[in-house]
Amino acid sequence: MNEGTKDKGQRTKDLLIAIADDEPRMRDYYCEILPLLGHRVAVAARTGQELVAGCRGNRPELIITDIKMPDMDGIDAARTISRDEPIPVILVSAYHDPALFERARAEHILAYLVKPIKQADLEAAISIAMQRFEQFQALRKEAGELRQALDDRKVIERAKGLLMKNSGLDEQAAFRRLQKVARDHNQKLVEVAQMILRADEAFRP
Amino acid sequence: MLRSTTLRFVFAAASVLLVFVIKDPLDEWFGSGPPLIFFVPAVTFSAWVGGLWPGLVATALTTILCTYYFFPPIGSFELHYPNDRLRLSVFVLDGILTSVLMGQLHAARRRSEEDRLAAERYKDTLARSEEQLQAIMDNSTAMIYLKDLKGKILVVNKHFESVFHVSREAIVGKNVGDAFPNNIAQILRARDRSVLSDGKSLEYEEVVPQEDGEHTYVSLRFPLLDARGTLYAIGGISTDITPLKDAQQRALQAGRLAAIGQMVTGLAHESRNALQRIQVCLELLGLRLKDRPQALDLVHGIQDAQDDLHRLFEEVRDYAAPIILDRRTCRLSDLLHEAWDRLETNRTGRDARLHERRSTNGDADAHADADTDADGSCAVDRFRMIQVFRNILDNALAACRDPVEIDVDWSETTINGAPAVAIAIRDNGPGFSADQRQKLFEPFYTTKTQGTGLGLAIVKRIIEAHDGVIEVEPDQNQGQGQNPNQRRGASLLITLPRGTR
């Protein structure tokens with residue numbers, strides 16, 4: 001585990017964490033134990049709404065929350081906070097209830113701990129949750145890039161088709177010319193392709 | 001005796017006419033005598049055969065015929081001689097008398113015939129009713145018997161015979177004390193005094209030792225009274241309610257468990273919060289006392305106790321909470337290995353091995369048939385079945401000394417007619433004592449120094465929730481004499497239906 005955290009650099013150390021529990025002793029516990037594990041507590045909320053409000057000001061990197069709390073429960077709070085940007089969430093609850101597991105599964109919940117928890121449980125859960133979240137983010141990024149690449153490819157194909165039609169070039173020659181223009185002007189292939197399409201629009205009778 | 005009335009009258013007329021016809025030849029033979037004499041047998045015979053009225057008809061016919069044909073003046077109904085009138089009168093009187101007497105004889109015979117038929121019918125009815133009674137008794141699943149006041153057995157039914165392995169020929173007529181060993185005789189004599197003194201029937205429960213263990217009976221003792229109201233025998237009807245009792249016991253147990261389950265589930269939340277508070281305080285206290293080793297030692301002591309309490313609490317909850325299965329088709333062998341892997345911390349530093357064998361039809365032929373699906377797919381709750389294997393393997397590890405050899409034998413079988421997997425898990429530890437065999441699956445029974453005694457109780461609950469069976473495998477040592485050192489360990493046999501596919 002330790003090696004893993006080292007390999008991943010600072011990912012599971014020195015995290016900015018928001019915690020929520022209606023039990024004062026639990027908040028004291030988090031505030032004392034989490035710094036020992038090398039993290040900072042950014043928000044210590046008593047209720048779900050306090051948690052949501054606290055996270056608005058300073059964006060934490062991890063949320064550790066109880067489920068049953070006055071005014072808004074932890075799962076709802078986590079959903080509200082994650083709406084704009086996903087954030088890893090660890091639930092800590094005295095309830096061991098399949099219905100709650102089901103709800104938790106639907107959200108960005110990366111760990112579900114049943115009370116009573118110890119420092120060691122917390123340490124392991126944070127480490128695993130952060131790694132999972134990292135993988136999750138990486139997958140998201142990859143998916144986004146793939147989507148972008150697919151979109152770019154469409155533009156380039158259209159520009160290539162236009163070149164073939166107007167200059168009588170074959171496919172390979174058209175693509176080579178596109179590459180050359182991009183190189184000469186120090187631009188991306190897709191940018192050149194977009195310019196060609198736009199120019200074609202302007203020249204159209 | 002003629003049955004038909006018409007025939008009787010025809011017979012009467014015919015006998016008279018016959019005599020009338022043969023009278024002339026008879027006259028020649030006997031010499032002419034008073035004509036009526038020849039007709040007397042005909043009248044008597046008619047009355048004998050036909051009774052009162054045919055007799056009278058014969059008499060009348062004779063009177064008419066004789067008056068007309070034989071008494072002067074012949075050819076008319078008048079009588080010339082007073083002498084003839086006397087003869088005729090005597091004849092008529094005699095005829096009437098004979099007819100009446102014969103009629104009475106007839107009536108008497110008819111009555112006796114009817115009596116005989118009635119007696120026969122009665123006998124049939126009696127025999128049938130006895131057969132019916134015997135059929136009721138023999139088909140009854142209760143033990144039924146009658147004995148006289150001296151204890152002589154009068155009647156027993158089939159069930160009685162089968163329970164005590166006696167034939168009715170062998171014991172009917174014998175005294176209870178002579179026919180049965182003391183303890184059984186005592187049971188058969190039970191409450192006799194009370195029935196004798198009160199003259200009333202009595203119902204009660206009793207326990208009867210049988211070869212397959214003790215059975216509970218609901219017994220009825222009742223007096224039999226004769227027509228004058230004198231008690232002459234005592235009857236007994238005993239119904240075996242052992243299965244009912246067992247079911248009742250199980251229902252009670254299940255009810256109790258459900259109640260505990262509900263309570264524990266209700267307690268769970270608050271208890272976990274309380275345990276969490278203790279945990280929080282303990283850890284923070286530990287931080288405050290970092291440089292005071294003696295005080296820290298006490299904190300660790302509390303932490304251990306807290307851990308034990310937590311574990312006990314979770315196990316009780318696990319045992320008592322209602323089991324809701326999430327059945328999916330899994331390979332049981334995979335679950336076994338997963339359980340084994342999870343016990344890695346228990347195995348560190350130990351020499352323990354898990355072997356698997358697949359048998360077909362129970363033939364312990366090692367690696368017999370690679371195609372068999374004995375360890376294969378089964379619709380089970382994955383998490384629960386891992387728990388089952390884990391608890392059993394954990395027990396084996398705790399009970400055995402190194403090197404630990406655990407053998408798991410997979411075979412195919414059926415349970416209640418449905419295809420099933422039989423899993424025999426054997427270790428090389430000290431095995432089960434007689435006491436352990438009996439109490440193995442009882443909650444809170446443990447031989448470990450650290451254990452709640454719920455492990456196998458939970459296993460049993462889970463297996464039964466899957467409609468399966470878990471039992472201690474019958475002793476393997478007996479009759480396996482060729483290598484006494486080979487196998488001595490504990491052995492559990494699980495039979496699990498494959499479930500819906």
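Everything quoted here is computed from the prediction, not taken from an experiment. Letters A, B, ... are given to chains in the order of the sequence lines, protein chains preceding strands, and every chain is numbered from 1. These values consider heavy atoms only, across backbone and side chains, with no hydrogens, waters or symmetry-generated copies.
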Self-check item: Top contributor to chain B interface from A:Glu32, A:Met26, A:Glu23, A:Lys68 [non-hydrogen pairs under 4.5 Å]
Solution: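 Heavy-atom pairs under 4.5 Å are most numerous for A:Glu32.
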More than 12 heavy atoms of other residues, nucleotides or ligands under 6.0 Å from [atom1] of [X]: is that the case?
X        : atom1 : value
B:Asn416 : CG    : no
A:Glu145 : CD    : yes
A:Arg153 : CZ    : no
A:Arg177 : CZ    : no
A:Arg79  : CZ    : yes
A:Arg59  : CZ    : yes
A:Arg158 : CZ    : no

Quiz prompt | For B:Arg272 against A:Ala94, the heavy-atom pair lying closest together | solution =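 Minimum heavy-atom separation between B:Arg272 and A:Ala94: NH1-O, 2.6 Å.
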Quiz prompt | Interchain contact, A:Gln119 with chain B, by part (heavy-atom threshold 4.5 Å) | solution =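 Both backbone and side chain.
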Quiz item: When rounded to the nearest 0.5 angstrom, what is the spacing between CD1 in A:Ile117 and CG in B:Leu275?
Solution: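 Spacing of CD1 (A:Ile117) from CG (B:Leu275) equals 13.0 Å.
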Self-check item: Which residues share a ring-ring contact (aromatic ring centres under 6.0 Å, His included) with A:Tyr30, sequence neighbours left out
Solution: none
Quiz item: According to the ring pair (Phe, Tyr, Trp, His ring centres under 6.0 Å) rule, which pairs have a member within residues 110-152 of chain A, sequence neighbours left out?
Solution: A:Phe101-A:Tyr112, A:His108-A:Phe136
Quiz item: Looking only at heavy atoms, which of residues 287-305 of chain B get nearer than 4.5 Å to chain A?
Solution: B:Leu287, B:Arg288, B:Gln303
Self-check item: Residues in residues 276-284 of chain B that sit under 4.5 Å from chain A, counting heavy atoms only
Solution: B:Gln276, B:Arg277, B:Gln279, B:Val280, B:Cys281, B:Glu283, B:Leu284
